[in-house]
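Here the structure is laid out as C-alpha cells; the discussion comes afterwards.
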Amino acid sequence: MEPIVYLNGNWLPLAEAHVPVLDRGFIFGDGIYEVVPVYRAVPFRWLQHLARLERSLAEVRIDDPLGPEAWTAMVYELVDRQDAPDQFVYMQVTRGVARRDHAFPAAATPTVFAMSTPFPGVPTEQREHGVAAITLPDERWLRCHIKSTSLLGNVLARQQAVDAGAVECVMFRDGRLTEGAASNIWVVRDGIVMTPPRSHLILAGIRIGLVEELCLQADVPLAVRPVERIEVDSADELMLTSATKELIPIVSLDGRPVGSGSPGPMYRRLRAAYDAAVEASVARGRMAPAAVASAIADGVRA
Ligand SMILES: Cc1ncc(COP(=O)(O)O)c(C=O)c1O
C-alpha cells in the first residue's frame with residue numbers, strides 16, 4: 001500500500017504528493033531537511049533533531065513554517081499513519097515556489113514535506129562484521145554544518161565510495177578528518193575515542209551528542225578535537241554514526257585492514273550502550289508536543 005505522506009498541511013498517498021517545478025528546492029536545492037529514526041513509534045533524540053531543524057532553517061533564513069509543537073504533532077501523526085514500529089522520518093522544508101531568480105523571492109510560502117519509511121534495522125552483516133570505506137579529499141562547500149538539501153558534493157563522494165566497492169568515504173580537508181558523505185567518523189587510538197569538533201566543516205550529527213553522553217556514562221575517554229590524517233591511518237578502530245546506520249565499525253580503509261580488521265572492543269562497548277539508549281528512549285515514550293516546545297524554548301544542544 002502507498003505510504004501516507006504530509007505535504008503542506010495535507011495527508012495523501014506518496015504517489016499523489018506533487019511539488020511544482022518552480023519550487024526552489026527543485027531549481028536551486030534551496031532547502032533543508034532532517035532524518036529521524038523512530039523505534040517502536042517513539043522518535044529517537046527528537047528534541048535534538050528538532051533543534052537542529054530549527055537551526056538549519058535559521059541559517060538559510062527560512063521562517064519556521066510550523067513551530068516546535070506543530071512539528072512534533074505532525075511527526076507523531078505521520079508515524080502513527082504507518083504500519084511499521086521502527087521507521088525513518090524524513091522532513092524537508094524549501095523556500096517555496098517562485099519565479100526563477102537566485103535572490104530570495106519577496107513573498108514565498110515554504111514547502112513542507114514529510115514521509116516515513118519502515119526501518120528494518122541496520123543489516124546484521126554491517127553491525128557484526130563492519131564495512132569498508134575509502135578516503136577522499138573533502139571537496140564540499142564551507143557551510144557543512146547546515147543540513148541542506150544541496151547535497152551534490154556528498155552524493156558524488158558517496159558514489160565514489162560505492163564505485164570502489166565501499167559503503168562510505170572518510171573525508172579530509174587540509175590533512176584533517178572531516179566526516180563521511182552521510183555520517184560522522186570516530187577514531188579509536190590507545191583506548192581514546194576521537195572525533196572532530198563541531199564546526200562549519202561538518203554536520204553536527206545527532207549521534208555526536210549521543211556518543212559523547214555514552215562515553216561519559218561508560219567512563220570511556222573521549223577527545224573531541226581536530227584529528228590528523230596520520231591518526232586515522234594508524235587507528236586501532238574506526239566507526240561511523242548516522243541516523244540510518246546507527247553506529248557501525250569501519251574494518252577496512254582503502255583496502256587495508258583497520259586495526260585487527262574486525263570490529264574492536266570499543267565498538268562492542270559503545271554498540272551495547274547505543275542499544276541500551278534506544279531501549280531507554282522507548283521505555284520513556286513520547287514527549288508531549290507542548291513539553292517539546294518548552295524544552296526547545298529553553299535551548300537544546302545538538
Ligand atoms: C554529512 C553528514 N554528516 C553526518 C551525519 C550524521 O548525522 P546524524 O547522526 O544526525 O544522522 C549525516 C546524516 O545523514 C550527514 O549527512
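Basis for what follows: all heavy atoms, side chains included, without hydrogens, waters or symmetry-related copies. When a ligand or atom number is given, it counts from 1 through the structure's own listing order. As the structure is a computational prediction, the values presented were derived from the model and not from experiment.
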Asp138/Arg140 salt bridge by N-O under 4.0 Å criterion | yes
of all protein heavy atoms, closest to atom 11 (O) of ligand 1 is Ala243 N, 2.8 Å
Mind checking whether Trp11 and Tyr6 have parallel, tilted or perpendicular rings, split at 30° and 60°?
-> perpendicular
Kindly confirm or rule out an N or O of Arg52 lying under 3.5 angstrom from an N or O of ligand 1.
-> yes
Is Arg95 positioned over the aromatic face of Phe104, cation under 6.0 angstrom from the ring centre and no more than 45 degrees off axis?
-> yes
Within 45° of the ring axis of Tyr267 and under 6.0 Å from its six-membered ring centre, is that where the NZ or CZ of Arg271 lies?
-> no
Salt-bridge criterion met for Glu279 and Arg40 (N-O under 4.0 Å) | yes
Which residue owns the protein heavy atom closest to atom 3 (N) of ligand 1, what's the atom, and how far is it?
-> Glu179 OE1, 2.7 Å
To which protein heavy atom is atom 6 (C) of ligand 1 closest, and what is the distance rounded to 0.1 Å?
-> Asn184 OD1, 3.5 Å
Ranked by distance from atom 16 (O) of ligand 1, the top protein heavy atom is Ala182 CA, 3.4 Å
Please determine, by modelled atom types, if Ser116 and Gln82 share a side-chain donor-acceptor pair under 3.5 angstrom.
-> no
For Asn154, take its heavy atoms, then give the atoms of ligand 1 lying under 4.0 Å from any of them.
-> 1 (C)
Atom 7 (O) of ligand 1 has as its nearest protein heavy atom Gly205 CA, 3.2 Å
Atom 9 (O) of ligand 1: nearest protein contact (heavy atom, Å) | Arg207 NE, 2.7 Å
Got the closest protein heavy atom to atom 14 (O) of ligand 1, with its distance?
-> Lys147 NZ, 3.4 Å
Contact check: Ala204 vs ligand 1, nitrogen or oxygen atoms, below 3.5 angstrom | no
Closest contact, heavy atoms only, Thr135 versus Asp254 = OG1-OD2, 2.6 Å
Should the pair Glu77-Arg81 be classified as a salt bridge under the 4.0 Å nitrogen-to-oxygen rule?
-> yes
Which is it for Ile202 and ligand 1 at heavy atoms under 4.0 Å: side chain, backbone, both or neither?
-> neither
Considering only heavy atoms, does Ala181 approach ligand 1 within less than 4.0 Å through its side chain, its backbone, both, or neither?
-> backbone
